[in-house]
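Accompanying notes for the structure given below.
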Amino acid sequence: MSKTLFDKIWNTHVIAGQIGEPQLLYVDLHLIHEVTSPQPFDGLRSTNRRVRRPDLTFATMDHNVPTKDIFNIQDQMSRLQMDTLAKNTKEFDIPLAAIGDDKQGIVHVVGPERGLTQPAKIIVCGDSHTATHGAFGAIAFGIGTSEVEHVLATQSIWQMKPKTMGIKITGQLPKNIYAKDIIMGIIAKHGVSFGVGYAIEFYGEVVEKLSMEARMTMCNMSIEAGSKTGMVRPDQTTFDYLKGREQAPKRFDDAVAYWSQFYTDDESEFDERMTFDVSELKPMVTWGTNPGMALSMAQRLPGIQDENDQKAYDYIGLHPSMKPEDIPLDYIFIGSCTNSRYEDLEIAANMMAGKHLAPNITAWIVPGSRAIRNQAIKNGLAKIFIDAGCEWREPGCSACLAMNPDKIPAGKHVASTSNRNFIGRQGAGSRTHLASPAMVAAAGIAGHFVDISSEDFV
Amino acid sequence: MEAFIRETGKAVVIPNDNINTDIILPKQFLKNILKTGFGKDLFYDWRYNDDGSINESFELNKPEHKGVSILITGSDFGSGSSREHAVWALTDYGFRAVIGGGFSDIFYMNATKNGLLPIVLPESERSVLRQVKSNEQISIDLPAQTVTYNDNTYHFEINSQWKEKFINGEDDIDNTMKFEKLISKYEQQRVDFG
Ligand code: SF4
């Protein structure tokens, strides 16, 4: 019987339970960070339980990290959370990449980078952007804090099998249009909840040609489409990315042979299918306060249809029929688990090479991990950013959620490569405009958004 | 976890759709290492004015709504980040059930783990419940899977395993450890390429 990629991985992980009811699944990799782990460890201690498989668990620090002066943690709660993680991982024997460690970074960046993220695994983390890891052909999803405790204690998790949705990406990707524009385009068209209850698989020729970094960007924002899981079938690109990484399987060829069985036999197996053609896609930008409130550089800001639109406009300080070019930017932020990988920084640096930021712009460039930061310094990307007038930061979540000192001031507009433009997300009163790294970098130079798919750029 | 069998209590209506976890509990309150005490920060940005004073016009702050245990809301409740703190804030405040048009998957799961009963009812039925007055009560009967307000009784769906968990107030981990032998067996047969 033909099956989807999702079904095949699911079926190899069921320990107990029937379809139609919650099933107990084995977890191959459990990633943890300082924010959602203190209570679970507390729970373990109070019930005298141990971590079942510390060897299948990996911890890093990201949300609270001060990216300007990484060891100078001013906020007492931030310090407490990070100290608590250090203490807990020591007590329960879990590997930890603490600040300053060359393995430290955003949890969804370091998992793949270490080679821990692999095809056909079930991967969980107490963070909704865990979907990122699905780019490797894994089932990866965010879990709540009680579930973190449950996975620590049992290395398994109860889940209801979701329905599957195949999104076929067709056409020719125009120049300067990226994975970020594709996923933002899909969400702009179908809204922020079409994926609820579905595991999404992205497929088709366009996806096959995307790098691992680009696939991660797409899967990362599946959650912004309402789905807990986005995935791409593992292929040669996946295997090439993993080969030689620290935690990649020792018997690599055997692993590749195993992984190669994991693909969707027939697209008719998806419960739901849609097609998205990219040939006419233009660079995407959000105008409002959820990721579905987006438009392309060829459009004008939409009219006010309902109260939600009105509230979004009131918050964001723009008005209908403005052009994206008219958004008065103050900041640019290049970072987050959506777009802070080496490839993202390289694309952004290419936009900035030999140029300087516009006078109205403050720029924060925050690499996703220490390893990426080091590579970017070595290969000259850091110098390009610094010469352009950007602040070159230490790895962490930074202004993606502003739980650390990196907050966009109230009323200021930021062009951001992150994933959420919710009210207050990047700092109380901050006004977020999501876009691709190339768009954000170009906006930094011009001082406002520009259509980088226009002839002036390509 | 506290068992949930039946609840008869006062209800408050916050009818907005798309109330996400940032609204339920803003992220500045995640910097805590405990599970309790979040109730005072529930709906923070709506409950308090910019200067920290109480926003008297917000439903939850009205004296007649003191002691509510049932929240009636719109569709797509609890979307956004996976923070379980949002559920802890609701239970710490005293809510035992949320009646909405739909819940995000993660929020729903988190609620089932903390004894907060999420109930999905269609708009036509919620529009009746929204008329509830501060001196009236709503009854929820989980074994019967019904919500009753005055003469109206509505049926809701819930997965049988979760229903049982709510009724027994079972600890998840104890429950799973009944399958310990199967977990060990899985571990022995699990593929591993070194
Ligand atoms: S970068 Fe942003 S979305 Fe990603 S894990 Fe950090 S806070 Fe969450």
Side-chain angles (χ1 to χ4, degrees), chain A residues 12-13 15-16 21-22 24 26 28 35-36 38-39 42-43 47 49 52-53 63-64 75 77-78 80-81 84 120 126-128 142-147 149-150 153-156 158 160 162 192-193 196-197 226 228 249-252 254-255 258 290 308 401-403 420 422-425 428, chain B residues 1 16-18 20-23 26-36 45 50 75-76 79-88 102-107 109-114 159-162 165 171-180 182-183 185-187 190-194:
Chain A
T12 56
H13 287 79
I15 300 167
E21 304 204 327
L24 188 64
Y26 197 78
D28 300 294
V35 180
T36 53
Q39 286 94 351
D42 230 26
T47 49
R49 291 176 173 130
R52 185 176 180 93
R53 293 295 300 266
H63 287 65
N64 283 300
D75 184 302
M77 269 332 266
S78 290
L80 179 61
Q81 287 194 342
T84 304
D127 185 279
S128 54
I143 57 177
T145 314
S146 292
E147 291 176 308
E149 186 173 333
H150 186 277
T154 69
Q155 201 58 32
S156 64
W158 291 98
M160 276 288 262
V192 291
S193 53
V196 172
K228 287 206 292 184
K250 307 270 172 320
R251 290 187 289 122
F252 195 76
D254 292 344
Y258 177 72
N290 77 47
N308 279 343
L401 92 168
M403 244 182 122
R420 285 185 172 154
F422 295 156
I423 288 174
R425 170 80 179 184
Chain B
M1 159 182 130
N16 312 43
D17 292 333
N18 305 310
N20 64 44
T21 51
D22 278 335
I23 298 171
K27 63 176 175 288
Q28 65 265 35
F29 302 111
L30 305 191
K31 294 187 173 189
N32 198 322
I33 57 168
L34 303 172
K35 279 187 174 185
T36 48
D45 292 337
D50 286 350
S75 61
D76 191 31
S79 58
S81 101
S82 59
R83 68 189 64 149
E84 193 162 332
H85 311 60
V87 174
W88 299 335
F103 297 89
S104 87
D105 295 355
I106 293 179
F107 181 88
M109 289 297 287
N110 287 341
T112 66
K113 284 163 206 310
N114 289 281
N159 166 286
S160 58
Q161 191 184 330
W162 289 328
K165 263 193 58 189
D171 174 329
D172 266 353
I173 296 176
D174 286 335
N175 184 38
T176 300
M177 288 321 269
K178 295 179 199 152
F179 298 87
E180 210 277 330
L182 290 175
I183 298 173
K185 192 169 143 222
Y186 183 92
E187 279 177 333
R190 188 171 160 262
V191 292
D192 184 8
F193 299 100

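The figures that follow rest on heavy atoms only: side chains count, while hydrogens, waters and symmetry mates do not.
Of the two parts of Asp50(B), neither the backbone nor the side chain holds a non-hydrogen atom closer than 4.5 Å to a non-hydrogen atom of chain A. Of the atoms belonging to Ala120(A), not a single heavy atom falls under 4.5 Å from chain B. Looking at Asn290(A), neither its backbone nor its side chain comes within 4.5 Å of chain B, counting heavy atoms on both sides. When heavy atoms are compared at a cutoff of 4.5 Å, Thr84(A) approaches chain B solely by way of its side chain, counted from C-beta outward. Only the side chain of Leu24(A) comes within contact range of chain B, judged by heavy atoms closer than 4.5 Å. With a 4.5 Å cut-off on non-hydrogen atoms, Asp127(A) touches chain B through its backbone but not through its side chain. Heavy atoms of Val191(B) lying under 4.5 Å from chain A belong exclusively to its side chain. Contacts between His63(A) and chain B at a heavy-atom distance below 4.5 Å are absent for every atom of the residue. Looking at Asn159(B), only its side chain comes within 4.5 Å of chain A, counting heavy atoms on both sides.
Ranked by non-hydrogen atom pairs under 4.5 Å with chain A, the options Leu182(B), Thr176(B), Asn110(B) are led by Thr176(B). Most heavy-atom pairs under 4.5 Å with chain B, from the set Ala255(A), Pro38(A), Gly144(A), Gly43(A): that is Ala255(A). Highest contact tally toward chain A, considering only Ser104(B), Ser79(B), Gly80(B), is held by Gly80(B) [criterion: heavy-atom pairs under 4.5 Å]. Counting heavy-atom pairs under 4.5 Å between each of Arg425(A), Lys250(A), Arg251(A) and chain B puts Arg251(A) at the top. Heavy-atom pairs under 4.5 Å with chain B were tallied for Ser156(A), Ala153(A), Pro22(A), Ser128(A); the largest tally goes to Pro22(A). Ranked by heavy-atom pairs under 4.5 Å with chain A, the list Arg83(B), Met177(B), Glu180(B), Arg190(B) is led by Arg190(B). Among Leu401(A), Asn308(A), Val192(A), the residue with the largest count of heavy-atom pairs under 4.5 Å with chain B is Leu401(A).
Side-chain contact between Glu147(A) and Trp158(A) is absent, with no heavy atoms from C-beta onward closer than 4.5 Å.
At least one donor-acceptor pair under 3.5 Å links the side chain of Asp17(B) to the backbone N or O of Ser75(B). Under a 3.5 Å cut-off, the side chain of Ser193(A) and the backbone N or O of Val196(A) do not form any donor-acceptor pair.
Qualifying side-chain contact (heavy atoms from CB on, under 4.5 Å) partners for Pro26(B), counting only residues two or more places apart in sequence or in other chains: Gln28(B), Phe29(B), Tyr44(B), Asp45(B). For Thr145(A), the side-chain contact (heavy atoms from CB on, under 4.5 Å) test picks out Thr36(A), Gln39(A), Pro40(A), Glu84(B), His85(B), Trp88(B), with sequence neighbours left out.
When all heavy atoms are compared, the tightest approach of Ala86(B) to Thr21(B) is CB-CG2, 3.9 Å. Taking both residues in full, the closest heavy atoms of Met160(A) and Glu21(A) are given as SD-C, 3.4 Å, listed atom of the first, atom of the second, then distance.
Between Arg53(A) and Asp192(B) there is no salt bridge, since no side-chain N of the basic residue sits under 4.0 Å from a carboxylate O of the acidic one.
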Original post:
So Arg52(A) and Glu187(B), side-chain contact (heavy atoms from CB on, under 4.5 Å) or not? Walk me through it.
Top reply: CA-CA 11 Å; Arg52(A) 185 176 180 93; Glu187(B) 279 177 333; 3.0 Å; yes
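Taking the six-membered ring where the residue is Trp, Tyr258(A) and Phe193(B) present tilted rings, their angle falling between 30° and 60°.
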